[in-house]
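Reviewing the structure listed below.
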There are 2 protein chains.
Amino acid sequence: MTLSARPTLSQVADLAGVSVASVSRVLNGLPASPEMTTRVRAAVDSLGYTPDARARSLKVGRTEQLVLVVPDVGNPVYTGLMRAVAAVVKDAGYRLLLSTGNSEVAEEIAILDGLSSGYADGVIISPLRMTEPILDALQRLRHPAVVIGTPPAAVPVDAVQADSAAGVELAMQHLVNTGRHRIAFVNGPVDTVPGVARQRGFDRADTRLLAGAGRRHAAAAFTVDAGREIAGRVLDDRPDAVLCANDLLAFGVMRVAHSRGIRVPDDLAVVGIDDTDLAAVVSPGLTSVNLGSGERGAAAARLLLARIADPERPAERVVVDPWLTVRESSTPARQEGVR
Amino acid sequence: MTLSARPTLSQVADLAGVSVASVSRVLNGLPASPEMTTRVRAAVDSLGYTPDARARSLKVGRTEQLVLVVPDVGNPVYTGLMRAVAAVVKDAGYRLLLSTGNSEVAEEIAILDGLSSGYADGVIISPLRMTEPILDALQRLRHPAVVIGTPPAAVPVDAVQADSAAGVELAMQHLVNTGRHRIAFVNGPVDTVPGVARQRGFDRADTRLLAGAGRRHAAAAFTVDAGREIAGRVLDDRPDAVLCANDLLAFGVMRVAHSRGIRVPDDLAVVGIDDTDLAAVVSPGLTSVNLGSGERGAAAARLLLARIADPERPAERVVVDPWLTVRESSTPARQEGVR
DNA sequence: CTGTTAGCGCCTTCAA
DNA sequence: TTGAAGGCGCTAACAG
């Protein structure tokens, strides 16, 4: 119920009638005679001894803890990432600290700077915006760090990035292949990491596939509400397809389409990005570009572990390829090939 | 980029020409002369000194860390909880460790037992099943713990619980009020914490409101797929309303209804439980019983902090009242009163 | 193979 | 008000 006096190493040693060093050795699997081993184990068991993580980490200089920083713990966009990071980190024998920057740059920086107190051995951060202050904080960080996103090439930091431009093109190609040509693009704020990348992807695909005929819209945020808000303007153009910069925006658009009696996918195809769990949940299911958030999370965790193992290794960048998950929102009945 | 030698207290002391004790005092806001304070601060700044969290926690016996254990990090059912816990914990100056039991009792127990190494000051656990082994692990735990769920009254542990029976009744009453009488209930596995409670709530409401005419179904899991799987059997009875034991099941039912051309809410009302973020996202919006997961998370965090502050206080149980969020899935157009 | 000992970096009596 | 010194619990030389 409440914390009482925990047994210590020396108590175990006393009970076993051996030195603390011997206990430590047995516990850490270092050479010891069979007899010693049994005596120590017996004492450990009878006392219910567990080594103190605090003392151990002070001595060995490691905490066995890693931090994951995301803008919003509850956002479905990050759940795939969180799950994957949690799994890899745990398998490697580390604990995971979850920090949220509450979508505030200042908070993200505070978290990064706070790491200098050494409460964890490394950090994975998925910053909402890749601004100078964040990059500065990363530079002065004395701990291993991995960025999920695309820092300037000049910054020597491990990073895992999605190829959102390729993802957008995948979606565009799919829409064109299924006969859509009046395509609207609904982006979120273009001063964010995802915003700029997805805009670039659309511009490129638009030029290549539609001779620049695509319509661009920028919602106030990457949220369902922002999607609903802007949907009116978007649908007034009577597009035959809407490509949204993330699933949440797409859900917002779908709701407005639904209330206007516009049938998806017959009258209007809708495609999202991120392929969140929700995309498979709504009716009709939302076709979405999967940017490999799980893969990126796992890759980031592995990069971090690699750097911790070898701090001198050169900074590495991993790019995860996107794929398209086709569901009902963009095709009448048949299922197109996936990935 | 990589961790290099961090300055220590004694280095600061040397630079300032004072003793380590004085530096410690200044840093911890204990009485010190103005001159001493300025000298120390100067030295701290010039060295970029940050106290070592590991050493500090060894000395003071606290880690300033709390653990939250949930069955699945990515499940939308837990996002409200996580967000609320994260916020309260952070405001109190603690860091949050996120552990997932991967929906395995054994893993949850391992996490609880692992806490005896003292890597955190307390734990909040939302166990999937309230089984003996979990309760045993809680009993032998030497750290403050708060359970989200309903342990047997005899177990003296702080707990925060939802009143799911009341929630189910709320939903039933709403359906009856809006003219539905052929009501089907789709539960998940009844050997889980939510399963039993929701079953009890339905049975009670069914007796009271429908004279026991309600149909009961048990899906294989609390998932969308399980909902889709069982939806066929459920809809074959031609109910005019389906109450689902959680939102995910409801989404599954809605998808099948949609593909069968059954209109929601005109032909069929659908109500879920949990009021996840997704409920507001789908079209039509899903009416859902909100069991106050955010409120429960916040309450749990506060209980934990209270117990840490006073380990002797008697165990407390907090019950959070449910409310109904009415959306389109259960009412043609108008919005009924909320909460 | 085992025991002794010196810290890891910090806080906190205890004297001065 | 300030300094000296002793641990918190553990690991890692170093002797034996």
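Because the structure is a prediction, the values reported are computed rather than measured. Below, read A as the first sequence line, B as the second, and so on, with proteins coming before strands; counting in each chain starts at 1.
One end of the helix from C:dC1-D:dG16 to C:dA16-D:dT1 points its axis 40° away from the other end's axis, with each axis taken from 5 pairs and the angle rounded to 10°.
By the 4.5 Å heavy-atom criterion applied to side chains, B:I111 and A:R95 are not counted as neighbours.
A:R296 places no side-chain N or O within donor-acceptor distance of the main-chain N or O of A:L81, the cut-off being under 3.5 Å. Put simply, the side chain of A:R41 never gets that close to the backbone of A:L27: no donor and acceptor are under 3.5 Å apart.
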Contact string for nucleotides 11-16 of chain D, one letter per nucleotide 5' to 3', B = base within protein heavy-atom range under 4.0 Å, S = sugar-phosphate only, - = neither, reads BBB---

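By the side-chain contact (heavy atoms from CB on, under 4.5 Å) test, B:P76 pairs with B:L248, B:T276, B:L278, sequence neighbours left out. Residues satisfying the side-chain hydrogen bond (donor to acceptor under 3.5 Å, both in side chains) criterion with A:S19, sequence neighbours excluded, are A:S22.
Extent of DNA chain C lying under 4.0 Å from chain A heavy atoms, first and last nucleotide in 5' to 3' order, is C:dC1 to C:dG9.
In this structure, A:Q11 places its CD atom 8 Å from P of D:dG9, rounding to the nearest Å.
Between the CG atom in A:L303 and the CD1 atom in A:I308 there is a gap of 11.0 Å [rounded to 0.5 Å].
Along DNA chain C, the nucleotide nearest to B:D52 and the one nearest to A:S22 differ in position, and the one closer to the 5' end is contacted by A:S22. Residue whose closest nucleotide on DNA chain C sits further toward the 5' end, between A:S19 and B:T50: A:S19.
For residues 24-33 of chain B, the pairs satisfying side chain to side chain donor-acceptor pair (under 3.5 Å) are B:S24-B:N28, with sequence neighbours left out.
Nearest nucleotide to the A:A55 side chain, out of D:dG9, D:dT1, D:dG3: D:dG9.
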Go through B:R302 and B:V318 one step at a time and tell me if the side chain to side chain contact (heavy atoms under 4.5 Å, CB included) criterion holds.
-> CA-CA 11 Å; B:R302 281 192 291 264; B:V318 174; over 6 Å; no

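Annotation for B:L128 and B:P194: closest pair O-CD, 4.2 Å, computed over non-hydrogen atoms.
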